[in-house]
Asker: 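Take a look at this one; I'll ask things after.
Just so it is clear, the model here is predicted, and its values are computed rather than measured. All values below were derived from every heavy atom in this structure, side-chain atoms included, with hydrogens, water molecules and symmetry-related copies excluded. Chain letters run A, B, ... following the sequence lines, proteins first and then strands; every chain starts at 1.
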Amino acid sequence: MLIADVQGIVARCNDAAEALLPAATPGTPLADVVPDWLRDAHVGLNSSGARDAPEAGRAAAGDIDGRYFEAHPTVRDDGSVAWWLVDDTDHRLVREALRMERELSAFLAKASSVLLSSLNLERCMDVTAQMATESLADAALVIAPARGHRLPVVTCLRGGTPETATVTVNPDAVPGLGEALRGFPPVPSRWMDPGGAPAWMKPEGMGPIGSIVITPLPGHGVPAGALVLLRRAEAAAFSEEEEVFARLFAARAGAGMSAARLYAEQSSISELLMRELLPPALHQISGVDFAGGYRPSADHERIGGDFYDVHPATVEGDASLVLLGDVCGKGLEAAVLTGRIRNTLHALLPFADDHQRMLNLLNTSMLSSHHTRFATMVLASAVRRGSAVDLKLTSGGHPRPLIVRADGTVEEADTQGALIGVIPAIASTTITTSLAPGESCVLYTDGITEAKGGPMGGDLFGEERLKRALSGCAGMPAEGIVEHVQMLASQWLGDGSHDDMAVVVISAPRTHHLSAVNGHTRGRYTA
Amino acid sequence: MTTHPHHLQLTTVDEQSSVRIELHGDLDYDNADLLVQEATARLAARPALTDLHLRCAELGAVDSMGLCALLMIARRATEAGVRLHLDDRPARLERLLSLTGTLGHLTAPPPTRPPAPSATEESAGAARPPGPNSTT
Amino acid sequence: MSTGTTHRLSDAEPAERSAELLWNAVSAGDECAAADLLLRLLDEGADPESVLLDVIARVQGRVGEEWAANRMSVAQEHAATAINERAVAALSTHPAARTATTRGRITVACVDGEWHGLPARLLAEVLKLRGWRVDHLGSQVPTPHLIGHLHRTRADAVALSSSIPTRLPTAHAAITACQAIGVPVLVGGAAFGPEGRYAKPLGADAWAPDARAAADLLAREPLPRPEPDHQQLDDLPHLADQEYTLVSRSSAFLVREVFTALEDAFPAMRAYDDVQRERTAEDLAHIVDHLATALYLDDDELFTRFIAWTARILVARGVPASSLPPALELLARELKDFSRAVRILGAGTRALVTDRTTAARITA
């Protein structure tokens, strides 16, 4: 305890204060014997109105002789101030340690949350490199296990953006790197002589390197890569605590990166398998326009129980074969069955001219005593003749195709037949018709007409509504009709659930005389 | 409020030589199995059965899995020598069956037991069970 | 075929003339003429970006105006759009439009439920021309597909397009999902309101008024990586009152109730045929959808803009807009316990009063 008067002269000093501030004998000016922070606090207290409210005197704090003190003032009746000095050094060290600890765990929590939210390997590598430079190093390299001799490397300087590169090296040529990348046996972090580091390990613009440490990124059963931390020459080398911390960070980064790797492998497998099951992109073939659209029942899936294909004729002048169908069921199981059917029909293409024979052969190949899974489908053969398109249509238990005439009339193609795959002997009728330029034939699955919703909720979209919509589509390009039908159905559904929905449109392209059409006279073209 | 209004409910009535199952609600992807199980159980429990009636007056929507279930029941009934009847069909079911060309197949009389070759020949188109269980 | 020097069409009169010619081809449904015209412009050395934005985008804008003025049906709008789409596809194969990839990778997509795909398509083409590697996912992209795509590729950013305001809640979910996996999102399209005012409350990292501005913005500097642990509810704390959830969930019920009550108020409605009844119900459903979206953003103006626009559209189609105020009033009665909904509907009614004078002038 030390008392100083209004003028800032030391009035009294107890033994403890004297031991701490030996020069502070009574009568000496405060300014000469105590650190500046205490003197300032005393001056501040004297000049402020705080004197009137003694208890409100604010504590000051600062170093005295390498230790940390808090000084609590008590204003006495004569205006002098008693400063109670409390050694807070240990407290402060604990608090500082706690703050560090909190910062570190916040950093690790952030690392986990960022790394686990992305399943993309490159992005995980970017994030790892960038975060490592935030609190561990001046620069960081994240190296993924080699593909052949090529190492994918992400480099990041503190405050910079991660850069990706591929270096062609033998990892075993760099001490510690080969082991770290193999991930087995477990190896500790390893120091490296900056002088011995290969050029690709030294980021451009980093300056002289003081220390390098290579830490393996542990994957789960698979190697995930290695983290290389670099510090500048003038920076302190890595302490033991920092190495421990780097390992904790590496564990999280490794977990994130190996999860991303597994996801990438799995998704490339399913991508490959799914590619066969996705509906094809359609376009014009031999003067006939084709367009198709597909929306599977579940938004997270891209395949389902509806399918379509267009097979161009092998001989120019023959008809292309369009097929659109629906197998019972949904999701992957149904999609696998559509794949079988599409393959079978592909094999039956030599009979493409004889729809009934195709359907019969497909039917026989699908019969099974184990289940009654079936498909319904429409076969359409389309060939350009002059400016018209000749069509042959056969339904195997499927909703009838709709034909949109130039004047907006919508006709139902009168073809009928049994569904495919359950009944031992099936019969069907085939019809032929012709599309004039601008006319279209619309094949669809019942997911469209059975879409449940509407403004009042609970109503089926229905065939009538579809026909009404199509009557406004006379003369439209095939893609436009597909898009229009899809939009109407999805608007009808709102956010409701639905079955798979597929539409294919076959159109006879319009022929044109467009030398001098002005914008307001629609429909000046020759049919 | 807790039960879904369209959920399929079945009421089974045993009669002298037939069974009648009354269907209430939708026969679809989510509950088609229910009907197959019920019908299969009845066919197995009554070997002397001659007719299986599905009363469809209160039947709601039938999707492709629903039709798949009806086809399976028809097959099991045929194998058991039982004739399937789809009674009081609502217009929507009628349309579905006619569109898919399945009405005749579903409700055809089973081949007589023991099979007389001439009779099977006549109804072969509609009712011959396929695969290894085929009786011809 | 490229002449080596290209010229911008934007400030010159040729852009307008070309747009007029393209409009003629598009409105006559002549896709060959449309594609020929555009390819010829490129042959003559026009800048492909300028052809996309100053000719095609301009014509597409006119398609929307013609529809609003009832000079085009929805089906014709789709026909015109399909032709524009094909024209864009034809253009992208022209040698002048072939550009080497010199920049990063951008994913372009429309929000789920958004079928106006052309603006996003144009942006995708412009970004390709500027040297980006572009993955164009098309219109109506379900958020799970978008996220799956982002996991499989390393996109530097997502450009998300939406023109219908009622898709904004879905857009918000998509924005948050992209950011959660560390990909920043640039948004654009009419849905985001005047000056893109809804982009910020929905947490988008950037907004651009058009494709050119979007491409400039992306070229300037990379969008920063989004902060982790972003919570959707933090953007829009008012959602805690559940009004949005309850209104959007009971949309069909509200439409039925108001429809029945309107029939009592307007006996003439009983003589409507099925199509007219369905149109009326659809109009009501749109009102409820926009109300829900206004609740989502807690923004009265989103609703009043829509109501004023609807009134003008109805007038353009010769339908009296006089049924709108009672519809709003009936809706407010149904939702009397929802204070924000009542406030927004009130603002809608007031907007109609001020707008009616304008509407009356249009019909006169």
Side-chain angles (χ1 to χ4, degrees), chain A residues 110 113-114 117-123 126-127 130 161 164 260 263-264 267-268 271 291 295 299-302 438 453-458 465 468-469 472-484 486-488 490-491 494-495 509-510 512 514 517-525, chain C residues 20 23-33 71 73-76 78-83 85-86 112-113 115 117 139-140 142-145 148 150-155 170 180-183 222 225 228-229 248 251-253 255-256 259 274-275 278 280-286 288-289:
Chain A
K110 184 181 163 199
S113 129
V114 172
S117 62
S118 175
L119 288 172
N120 181 276
L121 183 59
E122 285 95 344
R123 203 173 291 124
D126 280 4
V127 168
Q130 200 163 29
T161 43
T164 309
Y263 178 83
S267 76
S268 76
E271 189 87 344
R295 184 170 169 192
D299 277 346
H300 56 274
E301 283 169 4
R302 290 188 292 156
M456 307 271 210
R465 217 173 257 105
R468 210 184 300 144
C473 294
M476 272 172 66
E479 290 100 331
I481 300 180
V482 167
E483 194 172 299
H484 191 58
Q486 283 192 305
M487 181 202 78
L488 291 176
S490 74
Q491 272 185 331
D495 294 325
R510 292 164 59 165
H512 302 275
L514 204 97
V517 177
N518 94 43
H520 304 289
T521 53
R522 256 190 62 83
R524 272 198 50 195
Y525 46 87
Chain C
E20 187 64 33
W23 165 255
N24 288 347
V26 162
S27 58
D30 189 341
E31 51 166 300
C32 300
R71 289 191 288 265
S73 70
V74 177
Q76 284 170 320
H78 270 126
T81 309
I83 292 171
E85 287 257 10
R86 280 199 191 178
D112 195 10
W115 61 89
S139 54
Q140 306 222 46
T143 304
H145 288 197
L150 293 177
H151 279 315
R152 287 190 297 273
T153 61
R154 185 171 58 167
T170 309
I181 58 169
V183 185
R225 191 195 309 281
D229 301 330
S248 59
S251 162
F253 168 80
V255 171
R256 278 198 302 274
F259 190 91
D274 284 353
V275 177
E278 201 164 296
T280 309
E282 277 169 4
D283 288 343
L284 290 174
H286 282 144
V288 175
D289 281 353

Asker: Could you grab the distance from atom OG of C/Ser139 to atom CE of A/Met487, nearest 0.5 Å is fine?
Answerer: 11.0 Å
Asker: Let me know if C/Val74 has heavy atoms under 4.5 Å from chain A in its side chain, its backbone, both or neither.
Answerer: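 Interface part for C/Val74: both.
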Asker: Do you know which two heavy atoms are closest between A/Met476 and C/Ala79, and how far apart they sit?
Answerer: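 Taking A/Met476 first and C/Ala79 second, the nearest heavy atoms are CG-CB, 3.3 Å.
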Asker: When only pairs under 4.5 Å are counted, which of A/Asp126, A/Leu121, A/Ile481 shares the most heavy-atom pairs with chain C?
Answerer: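 The candidate making the most pairs under 4.5 Å is A/Asp126.
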Asker: What do the steps show when you test C/Gln140 against A/Ser490 for side-chain contact (heavy atoms from CB on, under 4.5 Å), and what is the final call?
Answerer: CA-CA 10 Å; C/Gln140 306 222 46; A/Ser490 74; 3.6 Å; yes
Asker: How close do C/His151 and A/Ser117 get, counting heavy atoms only, and between which atoms?
Answerer: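 Smallest heavy-atom distance, with atoms named: CE1-O, 3.6 Å.
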Asker: Counting distance only, does the side-chain N/O of C/Arg256 pair as donor-acceptor with the main-chain N or O of A/Met456 below 3.5 Å?
Answerer: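 Looks like yes, one N/O pair under 3.5 Å.
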Asker: Tell me the closest heavy-atom pair linking C/Ala285 and A/Pro455, and the distance in Å.
Answerer: CB-CB, 3.9 Å
Asker: Please check: side-chain N/O of A/Arg123 versus main-chain N/O of C/Leu150, any donor-acceptor pairing under 3.5 Å?
Answerer: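 Indeed, once roles are kept as given, a pair shorter than 3.5 Å links the two residues.
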Asker: Taking all heavy atoms of C/Trp115 and all of A/Glu483, pick out the closest pair and write down the distance.
Answerer: O-OE2, 4.0 Å
Asker: Could you check which of A/Pro477, A/Cys473, A/Gly454 has the highest count of heavy-atom pairs closer than 4.5 Å to chain C?
Answerer: A/Pro477
Asker: Considering only heavy atoms, which portion of C/Ser248 lies under 4.5 Å from any heavy atom of chain A: side chain, backbone, both, or neither?
Answerer: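 Contact with chain A: none, neither part.
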Asker: Against chain A, label C/Asp112 side chain, backbone, both or neither, depending on which of its atoms sit under 4.5 Å from a heavy atom there.
Answerer: side chain
Asker: Count the heavy-atom pairs under 4.5 Å between each of C/Glu85, C/His286, C/Glu282, C/Arg225 and chain A, then report the option with the highest count.
Answerer: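 Most pairs with chain A among the choices: C/Arg225.
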Asker: List the steps, then state whether side-chain contact (heavy atoms from CB on, under 4.5 Å) holds for C/Asp30 with A/Arg510.
Answerer: CA-CA 8 Å; C/Asp30 189 341; A/Arg510 292 164 59 165; over 6 Å; no
Asker: With sequence neighbours excluded, tell me which residues meet side-chain hydrogen bond (donor to acceptor under 3.5 Å, both in side chains) with A/Arg465.
Answerer: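 Applying side-chain hydrogen bond (donor to acceptor under 3.5 Å, both in side chains) to A/Arg465 gives C/Glu278.
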Asker: With only heavy atoms counted, which part of A/Val127 is less than 4.5 Å from chain C, the side chain, the backbone, both or neither?
Answerer: both
